[in-house]
Number of protein chains: 2
Amino acid sequence: MLRLSKLTDYGTVIMTHMAREPERVCSAAELAVAIGVATPTASKILKTLARASLLQSVRGARGGYLLARPPAEISIAEVIDALEGPFGMTECSAVAGLCAQEGSCLLRANWQRVNQVIRLALNDLTVADMAQPVFQPANVGALRARPERMPG
Amino acid sequence: MLRLSKLTDYGTVIMTHMAREPERVCSAAELAVAIGVATPTASKILKTLARASLLQSVRGARGGYLLARPPAEISIAEVIDALEGPFGMTECSAVAGLCAQEGSCLLRANWQRVNQVIRLALNDLTVADMAQPVFQPANVGALRARPERMPG
DNA sequence: AACGAACGGGACTAAATTGGTTCTATATCA
DNA sequence: TGATATAGAACCAATTTAGTCCCGTTCGTT
């Protein structure tokens with residue numbers, strides 16, 4: 001459930017990769033090789049991330065991309081938002097007000113809440129966190145271990 | 001981002017609807033009218049929920065569906081799992097081990113963590129919670145208000 | 001016993017989404 | 001000036017999703 005698209009996955013891998021050397025300007029071709037996709041595909045993702053102001057682009061020869069902010073200040077939620085469109089687990093909560101069965105729409109308020117939890121959890125997880133090979137739960141407030149009711 | 005499929009959304013609406021009268025046997029046709037979809041569509045969802053043991057089916061004339069357990073003991077995570085397939089935000093974390101770019105797969109461990117947060121949050125939210133018009137945050141441990149870093 | 005209501009399961013079609021490529025224009029370094 | 005590299009849009013193919021239909025089975029009702 002809650003599967004992200006491939007492009008979004010690639011996007012997080014790219015951001016993580018770049019976070020390891022935040023100063024370096026990386027070209028689309030270089031990143032494509034690094035993460036194992038074709039250049040046009042990487043390029044498409046990079047353009048999207050740049051348009052969302054998560055990356056800064058450098059045009060011209062020896063150009064490429066650069067993290068727009070320190071990796072610790074870029075949350076995974078932002079990366080997902082950039083690549084996956086507007087937030088919202090259901091259509092209703094994403095684009096409020098155009099719901100066919102208004103009678104059942106008490107639900108929406110609850111979905112909004114669930115969305116919010118997820119968003120907060122992902123807001124607390126930064127690109128810098130992801131770049132660390134061993135991930136520090138302390139950095140991510142929402143990631144407390146809560147063992148109850150965890151089905152297979 | 002993290003958009004659920006329509007069917008899953010319908011599924012939660014159905015479960016919530018049924019939670020309001022847990023004793024009553026509801027036919028597919030009746031539920032279809034209640035939530036505003038065509039009968040075959042409702043039927044498809046109900047079959048899936050029954051196969052996942054979230055609903056109990058009653059065959060024959062005057063048959064229908066019934067919650068398999070008290071609504072407070074059915075989590076939203078289960079409903080989503082039933083309708084959306086195996087858990088996992090990326091392909092890698094859903095079906096471990098078949099990742100093209102193994103080098104970048106440090107990421108996977110982190111994604112797993114994120115998945116877990118989301119899952120725990122949704123595990124704590126039950127069908128009974130959703131059925132209440134005003135939703136009690138106290139019932140849902142993971143739903144603490146945490147105002148930091150909440151962009152547009 | 002026969003009829004009809006209702007579920008079980010699978011196959012199928014159409015529509016929407018996604019993944020990926022290509023092309024043209026623009027910017028910049030050497 | 002030429003090579004390199006991004007910007008942006010259009011486009012195609014493949015997958016996924018939504019929704020429908022059909023046939024078999026179960027079981028009240030008459």
Side-chain angles (χ1 to χ4, degrees), chain A residues 1-11 13-14 18 24-33 35-66 68 80 82-86 88-91 94-95 100, chain B residues 1-11 13-14 18 24-33 35-66 68 80 82-86 88-91 94 100-101:
Chain A
M1 73 172 182
L2 296 177
R3 197 171 284 102
L4 292 182
S5 72
K6 270 189 183 180
L7 279 304
T8 303
D9 186 31
Y10 296 159
V13 178
I14 287 175
M18 295 179 76
R24 199 157 116 254
V25 176
C26 302
S27 72
E30 177 196 340
L31 287 166
V33 171
I35 72 167
V37 302
T39 303
T41 301
S43 189
K44 184 180 189 173
I45 297 164
L46 290 162
K47 289 171 193 171
T48 304
L49 291 171
R51 232 171 304 164
S53 302
L54 299 182
L55 294 179
Q56 182 188 329
S57 69
V58 180
R59 301 185 62 165
R62 297 208 23 103
Y65 295 90
L66 208 57
I80 295 177
L83 292 164
E84 202 96 351
M89 288 206 345
T90 66
E91 289 180 354
V95 186
Chain B
M1 72 171 184
L2 295 177
R3 197 171 284 102
L4 292 182
S5 73
K6 272 188 181 180
L7 279 304
T8 304
D9 186 32
Y10 297 158
V13 178
I14 286 176
M18 295 180 76
R24 200 156 116 254
V25 177
C26 302
S27 72
E30 176 196 340
L31 287 166
V33 171
I35 73 168
V37 301
T39 303
T41 301
S43 189
K44 183 180 190 171
I45 297 164
L46 289 163
K47 289 172 194 173
T48 304
L49 292 171
R51 231 171 306 165
S53 302
L54 299 181
L55 295 179
Q56 183 188 328
S57 70
V58 180
R59 302 186 63 168
R62 299 211 21 106
Y65 295 90
L66 208 57
I80 295 177
L83 292 164
E84 203 94 354
M89 288 203 349
T90 66
E91 289 180 355
Q101 57 272 16

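Note that this is a predicted model, so its numbers are computed, not measured.
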Which protein N or O atoms sit under 3.5 Å from an N or O of nucleotides 13-16 of chain C?
none

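Taking atom CG of B:Leu49 as the reference point, atom C1' of C:dG8 lies 14 Å away to the nearest angstrom. Atom-to-atom, CD of A:Glu30 to P of D:dA5 comes out at 10 Å; the value is rounded to the nearest Å. What separates CD1 of B:Ile35 from C1' of D:dA18 is a distance of 13 Å, to the nearest Å. Atom P of nucleotide D:dG19 and atom CG of B:Asp9 are separated by 11 Å, given to the nearest angstrom. Taking atom CD of A:Glu84 as the reference point, atom P of C:dT17 lies 13 Å away to the nearest angstrom. Between the P atom of D:dT6 and the CD1 atom of A:Ile14 lies a distance of 11 Å, rounded to the nearest Å. B:Leu46 has its CG atom 14 Å from the P atom of D:dG19, to the nearest Å. Counting to the nearest Å, the P atom of C:dG10 and the CZ atom of B:Arg51 are 7 Å from each other.
Not a single salt bridge (Lys or Arg N to Asp or Glu O under 4.0 Å) links B:Arg59 to another residue, sequence neighbours left out. Judged as a side chain to side chain donor-acceptor pair (under 3.5 Å), and not counting sequence neighbours, B:Gln56 has no contacts. Partners of B:Arg51 under the side chain to side chain donor-acceptor pair (under 3.5 Å) rule, at least two apart in sequence or in another chain, do not exist in this structure. Legend: residues meeting side chain to side chain contact (heavy atoms under 4.5 Å, CB included) with A:Ala61, ordered by chain and number and at least two apart, are absent. Every residue two or more places apart in sequence or in another chain was checked for a side chain to side chain donor-acceptor pair (under 3.5 Å) with B:Arg62, and none qualifies.
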For this session: Encode nucleotides 19-30 of chain C as B, S and - characters from 5' to 3', where the letter depends on protein heavy atoms closer than 4.0 Å: B to the base, S only to sugar-phosphate, - to neither.
Result: BBBB---BBBB-
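The two residues A:Leu49 and A:Ala82 make their nearest non-hydrogen contact at CD2-CB, 4.2 Å. Taking all atoms of both residues into account, the shortest heavy-atom contact from A:Met18 to A:Tyr65 is CE-O, 3.4 Å. Across every non-hydrogen atom of A:Ala32 and A:Ala42, the tightest pair is CB-CB, 3.7 Å.
Across all strands shown, A:Ala29 has no heavy atoms under 4.0 Å from either base or sugar-phosphate atoms.
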For this session: Evaluate the criterion side-chain contact (heavy atoms from CB on, under 4.5 Å) for residue pair B:Asp9 and B:Leu83; output intermediate values, then yes/no.
Result: CA-CA 9 Å; B:Asp9 186 32; B:Leu83 292 164; over 6 Å; no
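A close approach under 4.0 Å does occur between a side-chain nitrogen or oxygen of B:Ser57 and OP1 or OP2 of C:dG8.
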